[in-house]
Amino acid sequence: MTIIKNSLKERWLALILGLVINAFGSGLTVAANMGASPWMASEVNLSEWLRVEIGWPVFIVSCLAAVANQILLRRWDGRRFFGEIGFMFFVSFLVNFFTAMFYRLGILRLSMITRGFLAVAGVIIFCIAISLYQRANLVMHPNDDTTNILRFMYCHGNVLHAQLLNFIPPVTIIVVSWLVTHRLFAINLGTLFALLFTGTIINLTDRFIWPSLQHNFRTQRE
């Protein structure tokens with residue numbers, strides 16, 4: 001199935017904007033230290049469980065998600081697979097940059113209530129980014145590509161159902177990690193907000209932010 005509705009120039013612009021905005025929102029959420037998205041929280045808990053640096057779980061989990069996407073597509077798409085790995089390289093670099101910037105600005109000296117609001121704002125920002133590069137559908141985060149594939153191939157276009165299915169693996173990782181270590185990390189207001197409202201925010205962004213950018217979905221090469 002191939003549905004291409006926007007020009008390549010528009011799609012590349014949406015991809016670049018989405019990549020930068022995603023990193024900005026993710027960096028704000030991490031630096032606020034009031035809970036991360038379910039996927040990031042699962043990777044933090046995996047890092048603590050295995051006692052390795054956070055970069056390893058992030059990279060390995062993303063690679064596994066990229067493999068899972070190929071299985072869900074029911075065909076091999078090398079450009080999609082390696083593009084997702086490359087996307088993660090740039091996003092990881094920018095997340096580190098923005099997180100360090102917020103730390104330098106003294107975000108941890110703010111009150112817990114203020115940091116809670118900032119964590120929620122970070123979630124909203126990276127949800128807007130997800131909507132942009134999902135609609136462009138050139139290259140995206142493997143986890144977000146999973147939502148896109150589930151939405152159009154398995155959930156009849158319903159983003160809420162697709163997002164809930166996409167959260168099953170990270171929630172499972174978090175639960176298993178808690179059962180082993182008896183400790184939870186990166187779980188707070190931001191996590192709850194992301195778990196409850198990510199799909200809704202993406203859906204609203206699809207409708208009201210750059211509405212002329214349509215879902216350029218494909219399962220075949222262009």
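This structure is a prediction, so every number in the text was calculated from the model and none was measured. Computation of the quantities below employed the complete heavy-atom set of this structure, encompassing side-chain atoms and omitting hydrogens, waters and symmetry-equivalent molecules.
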Can you confirm whether [X] sits close enough to [Y] that some side-chain heavy atom of one is under 4.5 Å from a side-chain heavy atom of the other?
| X | Y | result |
| --- | --- | --- |
| Phe152 | His215 | yes |
| Val67 | Phe81 | yes |
| Leu28 | Phe98 | no |
| Glu84 | Ser62 | no |
| Met101 | Phe24 | yes |
| Phe102 | Val30 | no |
| Leu50 | Pro57 | no |
| Ile85 | Phe59 | yes |

Hey, what's the ring geometry for Trp178 with His182, parallel, tilted or perpendicular (30° and 60° as the breaks)?
perpendicular
Can a donor-acceptor pair be found, under 3.5 Å and without considering hydrogens, that links the side chain of [X] to the backbone of [Y]?
| X | Y | result |
| --- | --- | --- |
| Asp145 | Met140 | no |
| Asn216 | Asn137 | no |
| Arg151 | Gly157 | yes |
| Asn203 | Gly199 | no |
| Thr172 | Ile168 | yes |
| Asn166 | Asp144 | no |
| Asn188 | Gly190 | no |
| Thr198 | Cys127 | no |
| Thr146 | Pro142 | yes |

Review point. How about Ser47 and Trp49: does a side-chain donor come under 3.5 Å of a side-chain acceptor?
Key: no
- Task: Flag yes if more than 12 heavy atoms outside Trp210 fall under 6.0 Å of its CH2 atom; otherwise flag no.
- Result: yes
Correct closest heavy-atom pair for Thr29 and Val123 would be OG1-N, 3.6 Å
Return a table of donor-acceptor pairs under 3.5 angstrom between the side chains of residues 106-121 and protein atoms on other chains or two or more places apart.
residue : atom : partner : partner atom : Å
Ser111  : OG   : Thr114  : N            : 3.2
Ser111  : OG   : Thr114  : OG1          : 2.9
Arg115  : NE   : Leu110  : O            : 3.4
Arg115  : NH1  : Ala32   : O            : 2.8

Any carboxylate oxygen within less than 4.0 angstrom of a Lys/Arg side-chain nitrogen, looking at Asp77 and Arg75?
yes
Taken in chain and number order and not counting sequence neighbours, the residues that satisfy side-chain contact (heavy atoms from CB on, under 4.5 Å) with Tyr154 are Leu72, Arg74, Ile149, Leu150
